[in-house]
Amino acid sequence: MTHTTFTFRNALTVSALSIGLLFSGHSARAADWTLDGTKSTLGFSGTQTGTPFKGHFGKFGGTISLDPQHPETGHIQISIDMASAATGDAQRDGALPGKDWFSTSTFPTATFESSSIRLISAGHYEAQGKLTIRNVTKPLTLPFTLAVQGQDAHATGHVQLVRTNFGVGQGPWVSGQWVALEVGVDFDLTAHQ
């Protein structure tokens, strides 16, 4: 996973946001945060023939801008390299890049871009935006939590998707007979100032 720098603008004191994701700060100045690729994960989970499985994306990045005093002015943009998906199962991993699933030769990236961000409660945020997979764009609400300790920020979140809403699973895979339609997406991100 590559290191990515996130820039956050803040007016008074900071405390806040992430990717998926993430951000936060603790001073009155703008802060630059670097995503720690060795401690950050973007994962997914599903069920195939009744058996749960998990996977992750090895390459993702983006930019986040946030004034923690006014999160409604913030902006998140995330890009995911869909060819970097891995589940540890050779057959599944060989199929995911194919035209029936992610079709990475035609649609190499998925993106999330926020349209608004709001504070729900202390340490809990919600980003409204649009998720694009296989050139299909749908609205998405992305909840996440954020904790800041010193120079480190840690954000986590989970969202549930229906894969066929984005055209993932073509032909015999359109039904949930073999692979469930519901897919979980989880992120656990660490960034350093």
Side-chain angles (χ1 to χ4, degrees), residues 1-2 4-8 16-23 35 40-48 53-66 71-87 92-93 95-120 124-146 155-176 179-189:
M1 191 171 306
T2 58
T4 305
T5 299
F6 295 91
T7 301
F8 304 91
L17 159 55
S18 160
I19 187 161
L21 339 162
L22 111 63
F23 163 83
L35 185 66
S40 298
T41 58
L42 176 60
F44 57 92
S45 58
T47 304
Q48 183 174 3
F53 69 88
K54 291 186 177 182
H56 69 279
F57 294 98
K59 296 179 183 177
F60 60 92
T63 59
I64 298 172
S65 175
L66 178 74
E72 69 279 3
T73 65
H75 186 256
I76 301 170
Q77 187 170 22
I78 303 301
S79 180
I80 304 162
D81 180 346
M82 299 302 281
S84 71
T87 67
R92 185 185 300 118
D93 291 352
L96 284 176
K99 63 180 179 129
D100 285 344
W101 295 98
F102 295 149
S103 190
T104 58
S105 62
T106 306
F107 311 107
T109 60
T111 60
F112 173 77
E113 185 164 8
S114 69
S115 54
S116 67
I117 304 167
R118 67 186 183 118
L119 177 67
I120 303 300
H124 296 264
Y125 292 82
E126 185 177 87
Q128 298 280 346
K130 293 183 177 180
L131 176 65
T132 301
I133 303 173
R134 287 183 59 117
N135 208 32
V136 177
T137 301
K138 300 284 185 182
L140 179 70
T141 300
L142 181 66
F144 61 93
T145 62
L146 177 73
T156 61
H158 171 83
V159 68
Q160 201 77 8
L161 304 175
V162 175
R163 61 177 176 80
T164 50
N165 287 347
F166 298 91
V168 176
Q170 300 283 311
W173 310 108
V174 170
S175 79
V179 179
L181 302 183
E182 297 77 19
V183 176
V185 177
D186 294 273
F187 60 87
D188 188 322
L189 307 173

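Distance alone, capped at 3.5 Å, is enough to place a donor-acceptor pair between the Asp93 side chain and the Thr87 backbone. In this structure, the side chain of Arg134 engages the main chain of Trp101 through a donor-acceptor pair within 3.5 Å.
The shortest non-hydrogen separation linking His158 to Asp186 is ND1-OD1, 2.8 Å. His124 and Leu119 make their closest contact through O-CD1, 3.5 Å (heavy atoms, listed as atom of the first residue, atom of the second, distance). For the residue pair Met82 and Ile133, the shortest heavy atom distance occurs at CE-CG2, 4.3 Å. Heavy atoms only, all atoms of each residue included: Arg163 and Trp173 are closest at NH2-O, 2.7 Å. Listed here is the closest heavy atom pair of Val174 and Gly169: CG2-O, 3.4 Å. Minimum interatomic distance between Thr141 and Val159 (heavy atoms only, all atoms of both residues): O-CG2, 3.7 Å.
Expressed to the nearest 0.5 Å, how far CD1 of Ile120 lies from OH of Tyr125 amounts to 10.0 Å. Between the CZ atom in Phe112 and the CD atom in Gln77 there is a gap of 10.5 Å [rounded to 0.5 Å]. Atoms CD and OG1, from Gln170 and Thr164 in turn, are 9.5 Å apart once rounded to the nearest 0.5 Å. Residue Leu140 holds its CG atom at 12.0 Å from NZ of Lys130, rounded to the nearest 0.5 Å. Taking OG1 from Thr41 and NE2 from His56, the interatomic distance works out to 9.0 Å, rounded to the nearest 0.5 Å. To the nearest 0.5 Å, the span separating OG1 on Thr109 from CG on Asn135 amounts to 9.5 Å.
By the 4.5 Å heavy-atom criterion applied to side chains, Phe187 and Leu142 are counted as neighbours. Residues Val136 and Leu131 are not in side-chain contact: their nearest non-hydrogen atoms beyond the backbone lie 4.5 Å or more apart.
Residues passing the side-chain hydrogen bond (donor to acceptor under 3.5 Å, both in side chains) test with Asp81: none are found, sequence neighbours excluded.
Phe57 and Phe44 have tilted rings, their planes meeting at an angle from 30° to 60° on a 0 to 90° scale.
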